[in-house]
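First up is the structure itself, then whatever we jot down about it.
Ligands are counted one by one from 1 in listed order, and the atoms in each one are counted from 1 as well. Just so it is clear, the model here is predicted, and its values are computed rather than measured. Quick note: numbers below take in every heavy atom, side chains included, and nothing from hydrogens, waters or symmetry partners.
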Amino acid sequence: MNSSLANALSLIRIVPDFPSPGIIFKDVTPMLKDAEAFASVVEEIASYSENFELVAGIEARGFILAAAVAGYAGKGFVPIRKSGKLPYLTHSESYGLEYGVDTLEIHQDAVLKGERVLLLDDVLATGGTLKAASKLIERCGGVIDSVAVLLEIPGLGGKAKYNKEFPNVVVNTVFPE
Ligand code: AMP
């Protein structure tokens, strides 16, 4: 890892018991605030692949990364949002959380048939969010080029769970364990 990336990693703040007891929250906001650190992360993600037309980000922190990578790489940005936020025709996918369910949506025309998509989020925990987002891209007819996250939560097996359903998609982690 180069020194800019190492600095970026050092700026990710660990917040215990947020948003609920037992969760160790990885807060990327101090890293985003540092121009060099943020730029190094964007460059790193953009270096993983050139074979995509669109960058999709998952609400909300995935938007920040995906929009920046899209701008850097000269590609388009696609938002994948929580339910009820997108104004036009949508596809929806619900997925299980520790307690209850959540739903993600994409505009039906956000990704055209055969378009290749780089999918981004900040943190991979159980993998449910990335799986739902990937299903949405495929329901539009898109192809998932690859996935990138900043961090994985250890011990949850999120990458393995994701790859069980999407065996051909490479999941890149900027700051691996
Ligand atoms: P999961 O669906 O379990 O993989 O959870 C991933 C989603 O929840 C991502 O959108 C993350 O932003 C968020 N998330 C889960 N756990 C954490 C954590 N410990 N710190 C920050 N974000 C998290």
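Of the protein's non-hydrogen atoms, Lys26 N, 3.0 Å is the one closest to atom 20 (N) of ligand 1. The protein atom (non-hydrogen) at minimum distance from atom 19 (N) of ligand 1 is Ile24 O, 2.9 Å.
We find that Glu165 and Lys131 are joined by a salt bridge, their nearest charged nitrogen and carboxylate oxygen being less than 4.0 Å apart. The pair Arg81-Glu105 does not meet the salt-bridge criterion, since no charged nitrogen lies less than 4.0 angstrom from a carboxylate oxygen.
Counting the atoms of ligand 1 from 1 in the order shown, those under 4.0 Å from a heavy atom of Thr129 are 1 (P), 2 (O), 5 (O), 6 (C), 7 (C). Which parts of ligand 1 touch Gly128 is read off a 4.0 Å heavy-atom cut-off, strictly below it: atoms 2 (O), 4 (O). Taking a cut-off of under 4.0 Å to the non-hydrogen atoms of Thr126, the atoms of ligand 1 that pass are 1 (P), 2 (O), 3 (O), 4 (O).
At a threshold of 4.5 Å between non-hydrogen side-chain atoms, the residues Ile14 and Phe25 do not count as touching.
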Might you work through the salt bridge (charged side-chain N to carboxylate O under 4.0 Å, His left out) test for Glu93 and Arg139, ending with a clear yes or no? CA-CA 10 Å; Glu93 279 290 337; Arg139 282 176 64 192; 3.1 Å; yes
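At a 3.5 angstrom cut-off on N or O pairs, Ala125 counts as close to ligand 1. Ligand 1 has no nitrogen or oxygen under 3.5 angstrom from a nitrogen or oxygen of Ile23. Considering backbone and side-chain atoms together, Gly127 places an N or O closer than 3.5 Å to an N or O of ligand 1.
Protein heavy atoms come within 4.0 Å of atom 4 (O) of ligand 1.
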